[in-house]
Amino acid sequence: MTIEAILKDDIQKAIQKHFDVTVEDIILQPTKKEFEGFYTFVTFPLTKSIRKSPAEIGQIIGTELAEHSSVAEKFNVVQGFLNISLKDTTWLELFSDVFNDQDFGTFPSNGQSVMVEFSSPNTNKPLHLGHLRNNFLGDSLSKILKASGYDVVKTCLVNDRGIHICKSMLAYRELGNGETPESSGMKGDHLAGKYYVLFDKEYKTQIKELVEQGMPEEEATKKAPWILEAQKLLLLWENNDPETVALWHKMNGWVYEGFRQTYDKIGVGFDKTYYESNTYLLGKDIIEEGLSNNVFYKKPDNSVWIDLTAEGLDEKLVLRGDGTSVYITQDLGTTELKFSDFHNNRYLWVVGNEQDYHFKVLFAILKKLGRPYADGCYHISYGMVDLPSGKMKSREGTVVDADDLVEQMIQTAASRTQELGKIDDFDSAEAKQLYNQLALGALKYFLLKVDPKKRMLFNPEESIDFQGHTGPFIQYTYARIRSIIRKAEQSGIQPVIPPVSYVLHPAEKELIFALSQYPVRVQAAANEFAPSVISLYAFELAKVYNQFYAEVSIFSDPNPDSVKFRVALSGAVSETIQKALGLLGIEVPERM
RNA sequence: GGUCCGGUAGCUCAGCUGGAUAGAGCAGCUGCCUUCUAAGCAGCAGGUCAUGUGUUCGAAUCACAUCCGGAUCACCA
């Protein structure tokens, strides 16, 4: 039973005893900084059933708690707020829960498994900042769900075929002159992206020419030579034309090597990768099934539809008249495949909020088809990363490239570290590792501290901070503590919980309180699918520690119990920071 | 136009299962390194919580309306 639960129980009993009123759900909130106490119980709602003033009720409950509660020590009442302080022995018990449990904040298996699909890149261009948000969210969520008791399967569905891939293939065929990543010195994904942009440039020129010749723009976009050629290439690919398939293999191979490097660098990986070229034909048997069940219906042109107007959606096409798939057909098939491969209890998709509607439709169809996994499906919809100039567009080259950004962050981390001159004794490998940790710490934290649902702004003119509410601030706190732990080890000081007679310093209580919150936050983050909950927690914990650090002296305190206790506290904080940042995919440095 | 999401300090964001004088960080201004890492700490200043009405003992939080921004409503993915 947690302290909070005991306190709630005591309050419930006190109300029962003094007023003969039963309150089933006692709500406690953390006491505001400017008042004394750690938990606050609001008594306003009780005035209806108990005909006394809020303050009087608070006084009576408080008195009862102070006399009989096993955890509460004293109280004060401000209007309808009963602020409760805990006994020192209670604080020490709370801390020993943290201190003695190596897995504090990691929940035992809940017997459920979940698949998290994220990243899902297109093989016609390199990753950009928006993909980084997706990757970091997916990776972090997977870790958070695992810590909260789920068995997690991370998957990636690579969008490796389609008209957009053919566009870069075509531009390469026409303009490439046999260029390769080796000959150009470009990373393969960047090379493919270059031709994707070149396609768009030429395509636009062609449209412009046709329009100048008097063709309406709408028609021109459909009749420009290169778009027709790209469509032809797609047909050739679908018919397994050896030359086309060879080019496709070659270019995708370059892209995969490029992606591999980027994934390695940012520390993201998958348990299972699906390729759309293998799955794009799936789903047609489900269409047949739906037709025979009358879930779907056919129009005169042979196209297949579903009517979702009763669900508040529209009529949706699920199969073209010529029998070819659309996006939703493939997703139906792929989801079925995932289920037959893994039989998970839940399926999550980390995909931008521009696809909210698509997923509503997908889930509604799955439900109508009576799929057993339909209720476990959930779209983790996140907001776009916008630039001050607006939306990023790959075709127009207005993107913040992932590789460039990471490289730039590493440079900033290096120069900042060198300015401070604290690691002059590091060899180059150690220094490089630190710069990487700091760069990714800053970047990941920047993208994960914001509520995933909200769109966020990135201003390339202002580099991402290393001070204040940032990843490096938290990493710094960790490094500071490690320094203390090393000193304690050298001096032979053991981390020990003090005897029950120990009188705690207020800063110590604050730290224990912050530590005790960790499991609650892990659970909340998992329930809300929000790594930002962990981000904010890690920052709060680091802040409380830095206050503690500035306020008390660890080694020069005359009381040996204090010294040992503070070393123990520091150790627990460092471990909790490491765990919390770990859930965000952020590493911690021993020194910085 | 329909649907969905958002609008909190100059900037970036917390807070949103209703509770105390609305919180951080950045930027600005003051202090604090002969003692455990100053990538830190303490403080000052900065707010019609988009607007209006309602519900309530109490509203940034809930409801309704309005304004502004974004997404989406493709036989694209």
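Quick note on labels: first sequence line is chain A, next is B, and so on, each numbered from 1.
- Every residue two or more places apart in sequence or in another chain that forms a ring-ring contact (aromatic ring centres under 6.0 Å, His included) with A/Phe199 is listed here: A/Tyr203, A/Trp226.
- In this structure, A/Asn76 contributes its side chain and A/Glu36 its backbone to a donor-acceptor pair below 3.5 Å.
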(message) Using a 4.0 Å heavy-atom cut-off to protein, can you give one letter per nucleotide of nucleotides 70-77 of chain B, 5' to 3': B if the base is in contact, S if only the sugar-phosphate is, - if neither?
(response) -SSS-BSB
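- For the pair A/Phe555 CZ and B/C36 C1', the computed distance is 6 Å after rounding to whole Å.
- In RNA chain B, the stems built from three or more successive Watson-Crick or G-U pairs (distances below 3.5 Å) are B:1-7 with B:67-73, B:10-13 with B:23-26, B:28-32 with B:40-44, B:50-54 with B:62-66.
- Contacts of A/Leu420 with the nucleic acid, taken as non-hydrogen atoms under 4.0 Å apart, include base atoms.
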Any protein N or O atoms within reach of nucleotides 17-20 of chain B? Criterion: under 3.5 Å, listing atom names and distances.
| from | atom 1 | to | atom 2 | distance (Å) |
| --- | --- | --- | --- | --- |
| B/A20 | N6 | A/Thr40 | OG1 | 2.9 |
| B/A20 | N6 | A/Asn83 | OD1 | 2.9 |
| B/A20 | N1 | A/Asn83 | OD1 | 3.3 |
| B/A20 | N1 | A/Asn83 | ND2 | 3.3 |

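- Using the six-membered ring where Trp is involved, A/Trp237 and A/Trp248 have ring planes that are perpendicular, over 60° apart on the 30 and 60° scheme.
- A/Ser483 comes within contact range of at least one nucleobase, with a heavy-atom separation under 4.0 Å.
- Taking the side chain of A/Lys360 as heavy atoms from C-beta on, and the options B/C36, B/A14, B/C4, the nearest nucleotide is B/C4.
- Residue contacts shown for A/Thr324 are absent, as no nucleic acid heavy atom lies under 4.0 Å away.
- For A/Tyr378 and A/Phe529, the gap between ring centers is short of 6.0 Å.
- Looking at residues 465-473 of chain A, you'll see A/Asp465, A/Phe466, A/Gln467, A/Gly468, A/His469, A/Phe473 sit with a heavy atom under 4.0 Å from some atom of RNA chain B.
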Donor-acceptor contacts under 3.5 Å from residues 355-365 of chain A side chains, at least two apart:
| from | atom 1 | to | atom 2 | distance (Å) |
| --- | --- | --- | --- | --- |
| A/Gln355 | OE1 | A/Tyr327 | OH | 2.6 |
| A/Asp356 | OD1 | A/Ser381 | OG | 2.8 |
| A/Tyr357 | OH | A/Asp314 | N | 3.3 |
| A/Tyr357 | OH | A/Asp314 | OD2 | 2.1 |
| A/His358 | NE2 | A/Asp331 | OD2 | 2.8 |

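- Note on ring orientation: taking the six-membered ring where Trp is involved, the planes of A/Tyr518 and A/Tyr537 are tilted (angle from 30° to 60°).
- A donor-acceptor pair under 3.5 Å is formed between the side chain of A/Ser415 and the backbone N or O of A/Thr412.
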